[in-house]
Amino acid sequence: MGCEGSAIDQFIFKNTELATAPLAPEIQLHLLKPTSDLWHAFDPESTASDIQRPYWAFAWSGGQSLARYLLDNPDLAKGKRILDFGSGCGITAIAAAKTGAASVLASDIDPVAIAAILINGRINGVDVDTVCEDLIFSENRGWDLILAGDIWYTTRLSRHGLHWLRKLVGEGCEVLAADPGRQFSPSRGLMPLTTYSARSVPDVDHPGFQEVCVSRVLPSADSADTSLGVR
Ligand SMILES: C[S@@+](CC[C@H](N)C(=O)[O-])C[C@H]1O[C@@H](n2cnc3c(N)ncnc32)[C@H](O)[C@@H]1O
């Protein structure tokens, strides 16, 4: 982006409107507004391919489902030190903070997402710490529970991300993921817990409701296995 924090905030306010997602109406978020030029980032016909996709401006169906699961099962997050990996707009991190987590760290590799998470956290009256870093392959920094909403959309996230998460599970951390059946969804290493019918807001890539599975990530059977049966 090449702009200061307040300029990033202005960029977020200019391109978004306050909205809620159907599965978690108790959380307010700055989400992409229909008049924003950023829509072109998802248009396959657009020549504006240099626009970085603003994943932070959406409440994806996976993150929404994980938020709903936490809000309905508050004991899951209560008192825990939590990482929301690939946090985007921060919906899952905010749900974790609302249900009494001891601490919540939201990670993303996009600095605009980090600013959006801080703005959205403030609107909802919760404290969420942030880190703009690719944490794949990092050591556990004290997390009891890691949340991963709608992240299986690249081979890197599916292969290396899942391998990393399963390693942390083997070391005693709990990991919950939620996924609407993305292109690179793993076909093994996950134990389904429940499903939701959810619609991303705005539903730019998949109009309408999708079935989203919330799963527990299982420990690696073989820590050398990085294939993980990606579809
Ligand atoms: C599809 S969005 C999902 C956001 C949010 N979890 C939700 O469900 O609404 C995926 C997010 O993961 C972030 N991301 C991609 N690779 C990452 C990585 N290696 N580490 C942290 N975040 C990453 C992207 O920038 C994006 O914000």
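Read the numbers this way: they start at 1 and go in the same order the structure lists the ligands and their atoms.
- Between F11 and W56, the two ring planes are tilted [angle within 30° to 60°].
- Residue contacts with ligand 1 for T154 are absent, since no atom lies close enough (heavy atoms, distance under 4.0 Å).
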Criterion salt bridge (charged side-chain N to carboxylate O under 4.0 Å, His left out) on D75 and K80, from CA distance to verdict: CA-CA 9 Å; D75 286 346; K80 304 246 178 81; over 6 Å; no

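- Set against the non-hydrogen atoms of G63, the atoms of ligand 1 under 4.0 Å away are 7 (C), 8 (O).
- Proximity of the aromatic rings of W143 and F85 is defined here by a centroid distance below 6.0 angstrom, and this criterion is not met.
- Here atom 15 (C) of ligand 1 lies nearest to Y153 when heavy atoms of Y55, Y153, W56 are compared.
- Of all atoms in ligand 1, listed by their number and element, those nearer than 4.0 Å to a heavy atom of G88 are 4 (C), 27 (O).
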Stepwise ring pair (Phe, Tyr, Trp, His ring centres under 6.0 Å) check, F209 with Y196: CA-CA 9 Å; F209 284 80; Y196 291 97; over 10 Å; no

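- Here atom 11 (C) of ligand 1 lies nearest to G86 when heavy atoms of A93, G86, A57, A67 are compared.
- Among D108, L66, D134, the residue whose heavy atom sits closest to atom 13 (C) of ligand 1 is D108.
- At least one heavy atom of S87 sits under 4.0 Å from some atom of ligand 1.
- Residue contact annotation: I109 has a non-hydrogen atom under 4.0 Å from ligand 1.
- Using modelled atom types, one finds a donor on one side chain and an acceptor on the other under 3.5 Å when comparing S61 with Q210.
- No hydrogens or angles considered: nothing links the side chains of D108 and S87 as a donor-acceptor pair under 3.5 Å.
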